[in-house]
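Reminder, nothing fancy here: chain letters follow the sequence lines and each chain counts from 1.
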Amino acid sequence: MIDKDTIHTGVPMFLDFMSEVEGLLHAALGSCGYKVEQGVNNLGLDVSPHADLASSVAFRLAPLLKKSPVAIAREIHQALTKNYNYVDRVELSGPYLNFFMSQKFLDTVLQQALADNAWTGRMNEKVIVEHTSANPDGPLHVGHIRNSVIGDTLVRILRRAGCTVDAEYYVNDMGRQEAMVVVGLDHFQLDGSKADHAVAKVYIAANRLMETNPEIRTEADSVISRYEAGDEEIVAKVQSAIKYAIGGIEETLHRMNIRHDSYHWESEFVRKGDVAEILGQLEKTGLTEYDEGAFQLDLTAHGFEKKMVLKRANGTSLYITRDLAYHRWKSENSDRSVDILGADHKLVSGQLRTALRLLGVREPEVVIFEFVSLPTGSMSTRKGKFISADELLDEVEKQAYEEVRLRRPEENEAFLKEVAAQVATGAVRYDVVKVSPDKATTFDWKQALDFEKLSAPFIQYSHARACSILRKGEALGEDALAIQADLLTGDNEISLLKKIAQFDLVIDRAARELKPHQLATYARELAESFNHFYRYSPVLDAEPTLRQARMALARAAKNALRATLDTLGIVALETM
RNA sequence: GGGCGCGUGGCCUAGUCAGGAUAAGGCGGCAGCCUCCUAAGCUGUAGAUCGGGGGUUCGAAUCCCCCCGCGCCCGCCA
């Protein structure tokens, strides 16, 4: 049986094993009279094919002690106390120290995984994540959704880690793009298509008209200054256009299981006087000057070649200035603030952070993702050159529908549609999140429509198969809650349990480092691990006691898959 | 020209921050597995001098320098 005091719902699993290993190693090093340098992972700990946790600390000590790593590892190994709880044994393998999990640890993992709320971590910071924030001048395209998916996945990871997260959309209502939409609406009609698409058509037409009619630019300038001055007629026009476009954008986001908790409009910070206040504070740094009538900040001492313009010669404010005010607000209302930005914002976000430092405001953590381009080149809303998120989702859903229909011909239309929609959302999200944000990508229809192993349906399918076993088992009277982890002796059973145990480690890292693609990799490994169990350890046909234990493992795996999929924003279908 | 990022089998990617024990997957190719809990699955096989060159190290895909290629940026746009 398991000691009651080791069971605490909602407490990490692998992290507990790891801290025990760290404790053991530090104690052993101490009794040998050795010290390791300060730094992350100074014990050289890593998950390894050779052990549940391996340490290469002997290598790190070798040059300092002028002894062979093998000899050092042997000394440390002999100095280890045998006071193990979650550790079963430590094997010496040349210069490596290999730590293995105890049966008690595996029992705990299984028990935790069966609890309803076993999947929430201990971070309790308040975090603001700003993502998407696309200009309301058209629909989201396949580049924008990289922002939305990375952002929303991080929101979910941080919440899973225990944080309170506010997902924010920063609405650009004061920029030139929006002014062009308003001018466009004076010259062209919305055509009744989906709101954001209709706005895009007007916006594109206005830009095209400007090529032959320079008056359009003057009209846009006038909209900008009248809006900033608070001209009631213009304010009403701008805001209704924006609300209309955002409505369409929201629809697309909801289709991808993405919701924002709050919206902040740029104009808010101008109207409240924050922008003026910040300009005043920056002036006190002595780094500002007027150049050809424009108010500018000189950041050459901070490595920026060009001056940062804070106010136009005509007196209107600029994006960067309003963004300073917004970021000050965010820092005052959170413990961490996170921005998801495209690679084209690298420079300006560096300038922003430097200016914030001058103002004594906590800087945001910035996640930059590289560009998504089309095989024909980069996308542009203004030129009407893009593949919209809606178009992508429609196509993927159509493909998914065909796949479900082939596999489940006996099911009704509603079933096929529901599964197809959830498979499509999952496939799109997974395709985006599985790639590191640092990587520039080229959109590829063939890849987007591929539902095999490196995709969401692979993981959803594993979950559905686990559900199927549980349904059938429960019909036979099994409760799938019996804790008999010691009966799980097969390699595939133990590695599945160990993979389940890693969930908290993956979430913890992804939440600290803001790397959502690590969770995508874990999801694939977990599903793969479950599939091996499924293939080699029959549950329902096993003899009764073993069947109970395997039922419990199937439920634990189901819970872990479900938690992983939820955190990725992918619906865990019970059947597909 | 300068800054930032990327370069891993035919194609796409993980691993790089915190250097370690045979470079991990997918797609595509070839060969297998449905009287067996959903074959969107599983197994086997071929295929990589980790862009090139130098350096640091007992040890480099990983760190440093140079070069090449690709992307993004260098606006009183956002």
- Query: With rounding to whole Å, what would you report as the distance between B:C12 and B:G28 at their P atoms?
  - Reply: 15 Å
- N or O in side chain of A:Y534 less than 4.0 angstrom from B:A39 OP1/OP2: yes
- Query: With under 30° as parallel and over 60° as perpendicular, where do the rings of A:Y319 and A:H345 fit, or are they tilted in between?
  - Reply: perpendicular
- Message: Between P on B:U35 and CG on A:D541, what's the gap in Å once rounded to a whole number?
- Response: 15 Å
- Tell me: CZ of A:F533 to P of B:C42, nearest whole Å? 15 Å
Please list, pair by pair, any protein nitrogen or oxygen found under 3.5 Å from a nitrogen or oxygen in nucleotides 55-65 of chain B.
none

- Salt bridge flag under 4.0 Å for residues A:R208 and A:E211: no
- Query: Going through the distances and angles, do A:R547 and A:D541 end up as a salt bridge (charged side-chain N to carboxylate O under 4.0 Å, His left out)?
  - Reply: CA-CA 7 Å; A:R547 183 166 71 200; A:D541 285 346; over 6 Å; no
- Note on the structure: From CZ of A:F443 across to C1' of B:G71 the rounded distance in Å is 19 Å
- Of A:E513 and A:R407, the one whose closest nucleotide on RNA chain B sits nearer the 5' end is A:E513
- Query: With a 4.0 Å cut-off on heavy atoms, is A:S455 in touch with a base, just the backbone sugar-phosphate, or nothing at all?
  - Reply: nothing
- Message: Without decimals, in angstroms, what is the distance between A:L341 CG and B:G5 C1'?
- Response: 15 Å
- Message: Applying a 4.0 Å non-hydrogen cut-off, can you work out what A:Q460 is touching in the nucleic acid: base, sugar-phosphate, or nothing?
- Response: nothing
Considering only distance and modelled atom types, tabulate donor-acceptor pairs under 3.5 Å from the side chains of residues 423-430 of chain A, sequence neighbours left out.
from	atom 1	to	atom 2	distance (Å)
A:T425	OG1	A:R255	O	3.0
A:T425	OG1	A:A421	O	3.1
A:R429	NE	A:L568	O	3.0
A:R429	NH1	A:D152	OD2	2.8
A:R429	NH1	A:M256	O	2.8
A:R429	NH2	A:D152	OD2	2.8
A:R429	NH2	A:T153	OG1	3.3
A:R429	NH2	A:L568	O	3.2
A:Y430	OH	A:A520	O	2.6

- Message: Would A:Y536 and A:D491 count as a side chain to side chain donor-acceptor pair (under 3.5 Å) here? Give the steps.
- Response: CA-CA 10 Å; A:Y536 296 106; A:D491 283 350; over 6 Å; no
- Message: Counting the atoms with a prime plus P, OP1 and OP2 as sugar-phosphate, which does A:A554 contact under 4.0 Å by heavy atoms, base, sugar-phosphate, or nothing?
- Response: nothing
- In whole Å, what separates the C1' atom of B:C63 from that of B:U45? 37 Å
- Nearest-Å distance, OH (A:Y536) to C1' (B:G41)? 11 Å
- Message: Between A:S148 and A:T132, do the side chains contain a donor N or O and an acceptor N or O under 3.5 Å apart?
- Response: yes
- Among A:R550, A:R535, A:K499, which one satisfies salt bridge (Lys or Arg N to Asp or Glu O under 4.0 Å) with A:E493? A:R550
- Do the ring planes of A:F295 and A:Y290 sit parallel (below 30°), tilted (30 to 60°) or perpendicular (above 60°)? tilted
- Query: Between A:W445 and A:F443, how do the two ring planes meet: parallel, tilted or perpendicular, split at 30° and 60°?
  - Reply: perpendicular
- Message: If I take atom CD in residue A:Q351 and atom C1' in nucleotide B:C4, what distance separates them, rounded to the nearest angstrom?
- Response: 13 Å
- Note on the structure: Test side-chain contact (heavy atoms from CB on, under 4.5 Å), reference A:F369, set A:V435, A:I340, A:L341, A:D438, output is A:I340
- Item | Nearest heavy atoms of A:L540 and A:M551, plus distance in Å | CD2-SD, 4.4 Å
What protein N or O atoms touch nucleotides 26-30 of chain B N or O atoms at under 3.5 angstrom, if any, and at what distances?
from	atom 1	to	atom 2	distance (Å)
B:G26	OP1	A:K453	NZ	3.1
B:C27	OP1	A:E452	OE1	3.0
B:C27	O2'	A:K446	NZ	3.4

- Item | Structure string for RNA chain B in dot-bracket form, Watson-Crick and G-U at under 3.5 Å, | interchain | (((((((..((((......[...)))).(((((.......))))).....(((((..]....))))))))))))....
- Which of residues 426-438 of chain A have a heavy atom under 4.0 Å from RNA chain B? A:V435, A:S436, A:D438
- Task: Please say which of A:K311, A:E228, A:E266 ends up in a side-chain hydrogen bond (donor to acceptor under 3.5 Å, both in side chains) with A:S317.
- Result: A:E228
- Message: Whether A:R465 contacts B:A39 is assessed here as follows: a side-chain N or O lying under 4.0 Å from the phosphate OP1 or OP2. Is that the case?
- Response: yes
- Message: For a quick check of understanding: with a heavy-atom distance under 4.0 Å over all strands, which category does A:N492 fall into, base, sugar-phosphate or nothing?
- Response: nothing
- Item | Heavy-atom closest pair, residues A:V506 and A:Q518 | CG1-O, 4.0 Å
- Sugar-phosphate, base or nothing in reach of A:S48, heavy atoms under 4.0 Å: base
- Message: Between A:H532 and B:U43, is there a contact of a side-chain N or O with OP1 or OP2 at under 4.0 Å?
- Response: yes
- Heavy-atom protein contacts under 4.0 Å, nucleotides 72-78 of chain B, coded B base, S sugar-phosphate only, - none: SSSSBBB
